[in-house]
A.B. asks: 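First, the structure itself, so that you have it in front of you.
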Amino acid sequence: MSDIVLITGATSGFGRAAARRFAEAGWSLILTGRRAERLEDLEKELSDKVPVHTAVLDVRDAEAIKGVVAALPEGFRAVKALINNAGLALAPEPAQKADLDDWHTMIDTNITGLVNVTHALLPTLIETGAGASIVNLGSVAGQWPYPGSHVYGASKAFVQQFTYNLRCDLQGTGVRVTDIAPGMAETEFTLVRTGGDQAASDKLYGDTTPLEAEDIAELICYTVSLPAHVNINRLEVMPTRQAWSAFAVDRD
Ligand code: NDP
Ligand code: 8X3
């Protein structure tokens with residue numbers, strides 16, 4: 001029987017690329033996200049290669065997650081890898097101009113959503129034991145501050161610390177936990193962040209070489225395919241053409 005991976009946010013970006021990469025590697029796929037049509041398209045694309053089960057899921061809804069886990073069909077229950085990828089940034093403006101609803105949406109999705117899914121899958125992953133994995137999508141924004149990152153970066157700092165704390169509690173169960181923290185990667189991320197501003201997205205990713213969704217998918221698949229005794233704690237990855245900047249100084 002093939003290994004089983006559950007991916008949140010499989011309808012776009014890293015999640016969709018990871019679905020394709022895991023299919024290449026022969027894993028059975030549980031694909032979730034809010035956009036049903038995209039899940040159907042992905043199922044059509046990949047179900048010739050590997051078994052695929054899709055479920056429309058908003059990670060903010062803890063009850064819905066329990067329902068999805070309880071209703072997993074035979075052959076999809078023994079999940080070996082959970083990819084906590086669903087997430088978003090909103091409100092690129094400074095904190096003092098940001099909408100409170102946008103802050104709540106980021107917290108509800110990137111923190112509460114990730115915690116919801118993890119809690120629902122922990123018993124299964126522990127049952128799977130040695131070789132099981134949780135991969136959390138953090139961000140360089142969880143470690144490095146920058147203007148306009150406010151709640152987004154703080155939510156990713158939570159992801160990093162939650163990853164490390166889970167490692168402590170899961171020691172002895174065989175379940176591995178990893179925070180993958182990408183830098184600038186071209187996906188729908190900036191479109192979402194800017195409320196659909198294609199020009200802003202094109203400008204950010206233009207005239208340079210950002211990471212591609214497939215780069216991160218490769219790292220996710222690599223991380224969970226390592227021998228069972230190897231745990232990557234945190235993997236921070238940037239495009240070669242991205243680095244840190246100088247401190248900002250307010251001058252007269
Ligand atoms: P995309 O916008 O391309 O994909 C985001 C995915 O998250 C979509 O599939 C979306 O699916 C899903 N999602 C968003 N909100 C919810 C929700 N409430 N419930 C379920 N699914 C949800 O962005 P990326 O692929 O770039 O982002 C994936 C992860 O990587 C995020 O956690 C992001 O913060 C992180 N990241 C991104 C970086 C980048 O530069 N692109 C860098 C570092 C980290 P749907 O709308 O169908 O629900
Ligand atoms: C997304 C990468 O640099 O926009 O997490 O924060 S960045």
Side-chain angles (χ1 to χ4, degrees), residues 6-21 30-42 54-62 64-65 68 83-92 102 104-117 135-160 162-163 179-196 200-201 203-205 208-217 219-220 234-239 241-245:
L6 188 154
I7 304 173
T8 66
T11 55
S12 174
F14 301 160
R16 184 166 55 190
R20 291 175 173 144
R21 183 64 187 83
I30 303 166
L31 306 178
T32 71
R34 291 169 302 176
R35 284 171 284 182
E37 205 174 295
R38 289 203 182 189
L39 289 175
E40 282 162 26
D41 289 347
L42 206 49
T54 61
V56 173
L57 176 67
D58 186 326
V59 294
R60 294 171 292 182
D61 185 344
I65 293 160
V68 165
I83 314 303
N84 272 322
N85 165 74
L88 81 178
L90 297 168
D102 286 343
H104 283 157
T105 303
M106 287 188 275
I107 292 167
D108 293 347
T109 309
N110 301 352
I111 298 179
T112 309
L114 184 140
V115 161
N116 287 340
V117 179
V135 173
N136 296 325
L137 264 295
S139 169
V140 293
Q143 181 96 357
W144 312 107
Y146 63 84
S149 179
H150 40 78
V151 167
Y152 176 68
S155 75
K156 294 302 186 177
F158 174 92
V159 171
Q160 176 180 321
F162 184 53
T163 300
D179 171 24
I180 295 189
M184 186 172 66
E186 185 166 7
T187 61
E188 292 175 17
F189 178 82
T190 298
L191 263 187
V192 172
R193 187 176 219 174
T194 59
S201 179
K203 188 172 174 216
L204 181 67
Y205 302 125
T208 187
T209 315
L211 295 170
E212 295 171 4
E214 290 71 22
D215 299 322
I216 301 305
L219 292 172
I220 294 170
R234 184 168 184 273
L235 200 50
E236 181 174 299
V237 50
M238 284 182 180
R241 297 181 74 184
Q242 180 181 29
W244 307 272
S245 195

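Keep in mind that what you see is a predicted model, and the values were worked out from it rather than measured. These values consider heavy atoms only, across backbone and side chains, with no hydrogens, waters or symmetry-generated copies. As the structure lists them, so they are numbered: ligands from 1, and atoms in each ligand from 1.
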A.B. asks: Do you know which two heavy atoms are closest between Asn85 and Gly9, and how far apart they sit?
C.D. replies: ND2-O, 3.0 Å

A.B. asks: Heavy-atom pairs closer than 4.0 Å: do any link ligand 1 to the side chain of Leu57, the backbone, both, or neither?
C.D. replies: backbone

A.B. asks: Picking from Asp179, Ile220, Thr8, what satisfies side chain to side chain contact (heavy atoms under 4.5 Å, CB included) with Leu137?
C.D. replies: Ile220

A.B. asks: Where is the nearest protein heavy atom to atom 22 (C) of ligand 1: which residue, which atom, and how far?
C.D. replies: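 Answer for atom 22 (C) of ligand 1: Ala86 CB, 3.6 Å.
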
A.B. asks: Could you find the nearest protein heavy atom to atom 28 (C) of ligand 1 and give me its residue, atom name and distance?
C.D. replies: Asn85 OD1, 3.1 Å

A.B. asks: For atom 9 (O) of ligand 1, find the nearest protein heavy atom and state the residue, atom name and distance (0.1 Å precision).
C.D. replies: Thr11 OG1, 2.7 Å

A.B. asks: Considering heavy atoms of the protein only, find what lies nearest to atom 34 (O) of ligand 1 and give residue, atom and distance to 0.1 Å.
C.D. replies: Tyr152 OH, 2.7 Å

A.B. asks: Between Leu219 and Leu235, does the side-chain contact (heavy atoms from CB on, under 4.5 Å) criterion hold? Intermediate values first, please.
C.D. replies: CA-CA 9 Å; Leu219 292 172; Leu235 200 50; 4.3 Å; yes

A.B. asks: Test of understanding: with salt bridge (charged side-chain N to carboxylate O under 4.0 Å, His left out), list the residues that count as partners of Asp58, not counting sequence neighbours.
C.D. replies: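 So Asp58 forms a salt bridge (charged side-chain N to carboxylate O under 4.0 Å, His left out) with Arg60.
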
A.B. asks: Run down the list Gly9, Gly15, Gly13, Gly87 and name the one with the heavy atom closest to atom 5 (C) of ligand 1.
C.D. replies: Gly87

A.B. asks: Is there at least one pair of N or O atoms, one from Tyr205 and one from ligand 1, spaced under 3.5 Å apart?
C.D. replies: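 Not met; the criterion fails.
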
A.B. asks: So which protein heavy atom does atom 15 (N) of ligand 1 come closest to, and at what separation?
C.D. replies: Arg34 NH2, 3.2 Å

A.B. asks: Can you tell me if Gly138 has a non-hydrogen atom under 4.0 Å from ligand 1?
C.D. replies: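 Yes, Gly138 has heavy atoms under 4.0 Å from ligand 1.
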
A.B. asks: Out of Gly183, Ser139, Ala185, whose heavy atom sits nearest atom 42 (C) of ligand 1?
C.D. replies: Gly183

A.B. asks: Give a table of atom pairs where an N or O of ligand 2 lies under 3.5 Å from a protein N or O.
C.D. replies:
from     : atom 1 : to     : atom 2 : distance (Å)
ligand 2 : 4 (O)  : Tyr146 : OH     : 3.3
ligand 2 : 4 (O)  : Arg193 : NH1    : 3.3
ligand 2 : 5 (O)  : Ser139 : OG     : 2.5
ligand 2 : 5 (O)  : Tyr152 : OH     : 2.6
ligand 2 : 6 (O)  : Tyr146 : OH     : 2.5

A.B. asks: Tell me: protein heavy atom nearest atom 27 (O) of ligand 1, and distance?
C.D. replies: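 Looking only at protein heavy atoms, the one closest to atom 27 (O) of ligand 1 is Phe14 CD1, 4.2 Å.
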
A.B. asks: Number the atoms of ligand 1 from 1 as they appear, then name those within less than 4.0 Å of a heavy atom of Glu188, with their elements.
C.D. replies: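 Here the atoms of ligand 1 in question are 2 (O), 3 (O).
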
A.B. asks: Is there a donor-acceptor pair under 3.5 Å between the side chain of Asn136 and the backbone N or O of Val159?
C.D. replies: no

A.B. asks: For Arg20, check salt bridge (charged side-chain N to carboxylate O under 4.0 Å, His left out) against everything at least two apart and list the hits.
C.D. replies: Glu45

A.B. asks: Is there a nitrogen or oxygen of Met184 sitting under 3.5 Å from a nitrogen or oxygen of ligand 1?
C.D. replies: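 By distance alone, the answer is no.
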
A.B. asks: Just to verify, what does Tyr205 make a ring pair (Phe, Tyr, Trp, His ring centres under 6.0 Å) with, not counting sequence neighbours?
C.D. replies: none

